Structures are given as C-alpha cells and as structure tokens.
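Report on the structure given below.
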Amino acid sequence: MEQGMTTEENEKATRQISLRPFVLSDVDDFMVWASDDKVSKFCSWDTYTNKDDLLKYMKETVLPHPWFRAICVGGRPVGAISVILGSGNDRCRGELGYVLGSGYWGKGIVTAAVRLVVASIFMEVEGLERVEALVDVTNKASQRVLEKVGFHKEGVLRKY
Amino acid sequence: MARPIKNLTVDASSRPEKATPHQITSSCSQMERDTTPQPNQLVGEEKKPIPDITLRPLELSDVEDLMKWKSDDRVMRFTTRQACTTKDEALDCIESFIMPHPWFRAICIEDRPVGSLAFRPAPGDEKHRAWLGYSLAYDYWGRGITTAAVKKAVAAIFKEWPHLERVEAVADVDNRRSQRVLEKAGFQREAVLRKFVVIEDKVRDVVMYSFLSTDPLVE
C-alpha cells in the first residue's frame with residue numbers, strides 16, 4: 001500500500017499529520033472508522049453500529065487512557081494510535097496499537113504517526129525500553145508500517 | 001492494523017503489587033549433560049531414573065515444603081514471583097495467591113511437594129491462550145523432574161480446558177536449563193523478546209515458547 005513512496009512523500013505525510021488526545025466531540029469522526037468492517041477486521045473489537053456504544057467506549061476507555069491519541073489530518077481525527085503501558089515487572093514495555101479510516105490508507109499516515117510515537121514515548125515514559133506490536137500474519141500492510149519505522153520482527157506467535 | 005491488546009497485567013498476586021502476566025520459568029533442572037553418559041564412557045555410567053512424580057493442589061499444611069524453594073534465590077532469581085522468606089509470607093502466598101489460582105499444582109515426589117507448576121488463562125477474552133510457569137527446589141534439579149511434570153501438566157490442561165489452543169511460557173535468555181525443559185517437553189521456540197521484563201530492577205530478554213493443542217504430546 002505504501003510501496004514506492006519517496007522520501008518526499010513520506011515527509012509530506014509526516015508534516016500533514018498530528019497527534020492529540022481525543023475529546024468526546026470527536027465521536028462522529030471516530031465513528032467513521034469504528035463502523036468500518038474493513039478496519040475492524042484485524043482489530044480485537046467488533047464494528048460499532050451505535051453512537052452511544054462508541055461514546056461509552058470513549059468515556060470508559062479512550063479518555064481516561066494514559067496514552068491514546070487521535071491521528072489527525074488537518075486537525076481532524078482520521079484514526080487512532082495508542083500504547084498500553086505495563087506496570088510492575090512489565091513497566092519496561094508498552095504495546096502499540098493503531099487504526100486508520102480506510103479512506104486514508106496507502107498515504108503513509110500510520111507510518112508517520114508511529115514514527116512520531118516512537119520518537120517521543122521513550123522520553124515521556126520513565127522506564128520504558130520496549131514498544132511492541134502484534135500484527136495478524138495476514139495483515140501485510142500493517143507489518144510494512146512497522147518494518148518501515150524500524151521495528152524488529154521477533155517471531156511468529158502461533159494461535160495467539 | 002495492529003490490534004490494541006488489553007493490558008496484560010494480572011490481578012492475583014502473592015504480594016500486594018500486581019503479578020506479571022508471564023510467570024517467568026525458574027532455573028530448573030535438565031542438566032542432562034551432567035548425567036547422560038558420553039558416547040565414549042558408556043560403561044559404569046547409568047542415567048538416574050526419573051522418580052515418579054504426581055501433581056496435586058497445594059495445601060496450607062505444605063507450607064514448610066513450599067518455603068524450601070520459595071525462599072531460595074537460586075530458584076527464584078529468574079522469576080517475577082516474590083520470594084517468601086518467612087512462614088507468614090508463605091502462608092499468605094498460599095491463601096491469597098495459590099488457593100484462588102485457576103490452576104496451581106504442587107510437583108510431588110512420594111506426595112511431598114518439591115516444586116510447583118501453574119497455568120493461568122490470558123486475560124480478557126483470550127481464553128484460548130494460557131501462560132505456564134514452574135519452579136523446582138534446587139536439590140531436585142538435574143533429574144528430569146520438571147520436564148516430566150510439564151509433560152504431564154500439558155497433557156492434562158488441554159483435556160481440562162477444551163477451549164485452550166495455546167500454552168505459552170517465557171524463560172530468561174540466560175536460563176538455559178528452563179529452556180531445555182520446555183524444548184524436551186515438546187514446546188516450540190518462537191522468538192526472543194528483547195527487553196521484555198524487569199527482574200530485580202534489571203530489564204531482561206526472554207525466549208517465548210508455545211505448545212498448541214494440535215502439537216504432538218511428548219511421552
């Protein structure tokens with residue numbers, strides 16, 4: 001999807017996007033990808049069909065989350081990126097997750113967002129040394145994002 | 001897209017602080033290179049037979065036996081579990097962590113606990129996956145006991161939890177004994193996970209192993 005992007009195109013994507021915390025009034029923008037089967041296919045959540053359910057999720061999970069950001073293009077949320085931080089013995093690691101409206105796929109947006117996260121999160125979170133991400137073996141586009149940013153493929157976890 | 005997995009930390013703990021989801025397997029036996037006869041020294045060197053081992057729930061009355069390995073740094077040093085240095089701590093561990101545990105067994109020789117083994121389902125909806133952890137008293141290392149216990153336990157857990165598809169275990173990269181236990185029990189080595197866990201303020205790499213419900217059980 002992002003093959004053949006030049007450095008210039010990559011830089012353009014990076015300049016275009018910004019990350020910020022969500023607010024409840026983002027719910028309509030959020031709904032665009034949350035209700036999209038193409039998007040939820042590889043995600044652990046089911047497609048949202050109901051705005052109230054999504055508001056509940058935003059109130060209970062998104063807003064209080066220690067690290068959950070809207071991926072914005074021109075200031076409007078088009079996706080989300082989050083890091084679930086461990087505690088105790090797991091405080092050295094965080095798990096990265098991301099999602100993008102299908103209309104924005106193929107433009108280097110998630111790659112740019114992941115780069116922004118990786119560039120800042122180790123300084124923001126004390127003790128964090130590892131950011132990990134799990135991707136379905138068939139989700140090649142998502143694997144490409146991580147490879148382009150410089151993640152190491154460590155292995156395949158079977159029947160995970 | 002990469003899927004945001006729910007936070008992996010688990011609530012049950014022998015101490016007030018949260019338990020790590022992956023019970024790192026302890027320094028356990030399988031020093032077979034010490035006891036297995038080398039090809040050029042077969043005569044007079046016989047491999048010690050593995051004693052009969054049984055698995056059973058741990059009782060409060062087992063507290064003295066439990067302490068033998070729970071207070072031993074040689075056993076506990078690769079684990080994320082807290083050591084128990086007093087009887088009160090050990091009793092508390094039994095009551096607040098072991099008793100309510102989803103699947104915790106003492107590894108017994110002649111019905112006396114010499115170690116322990118446990119499975120914990122992954123949190124949230126991930127009931128198809130479970131974590132394995134184990135420990136064995138130092139004096140019993142090197143005799144194949146943990147491997148025998150893991151083989152028995154893996155066969156049992158897939159029968160008892162029919163929804164289970166994957167058992168996984170992690171071992172410190174330096175803990176070759178524990179890695180050998182898993183390899184001999186038929187686990188597949190999948191990956192080295194770098195800077196995965198903090199043990200005694202040091203960040204450690206671990207090796208991830210798995211055993212699937214479809215993998216062949218090892219006799």
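Keep in mind that this is a model prediction, so the values were computed, not measured. Residue numbers begin at 1 in each chain, while the letters A, B, ... track the order of the sequences.
The residues A:Arg20 and A:Asp26 are annotated as salt-bridged, a charged nitrogen and a carboxylate oxygen being separated by less than 4.0 angstrom. In summary, B:Glu219 and B:Lys151 do not engage in a salt bridge, as defined by a charged side-chain N under 4.0 Å from a carboxylate O. Between B:Asp174 and B:Arg204 a salt bridge is recorded (basic side-chain N to carboxylate O distance below 4.0 Å).
Neither the backbone nor the side chain of B:Tyr209 comes within less than 4.5 Å of any heavy atom in chain A. For a residue to count as touching a neighbouring chain, one of its non-hydrogen atoms must lie under 4.5 Å from one of that chain's; by this rule B:Asp215 touches chain A with the side chain only.
Taking the six-membered ring where the residue is Trp, the centroids of A:Trp33 and A:Phe30 are separated by under 6.0 Å.
Here the shortest heavy-atom pairing between B:Ala185 and B:Val150 reads CB-CG1, 3.6 Å.
For the set B:Val203, B:Asp201, B:Thr214, B:Val198, the entry with the most heavy-atom pairs within less than 4.5 Å of chain A is B:Val198.
The closest donor-acceptor contact from the side chain of B:Glu190 to the backbone of A:Arg158 lies under 3.5 Å.
No more than 12 heavy atoms of other residues, nucleotides or ligands shown are found within 6.0 angstrom of CG on A:Asp46.
Listed by sequence position, A:Glu129, A:Arg130 are the residues of residues 120-131 of chain A in contact with chain B, using a 4.5 angstrom heavy-atom cutoff.
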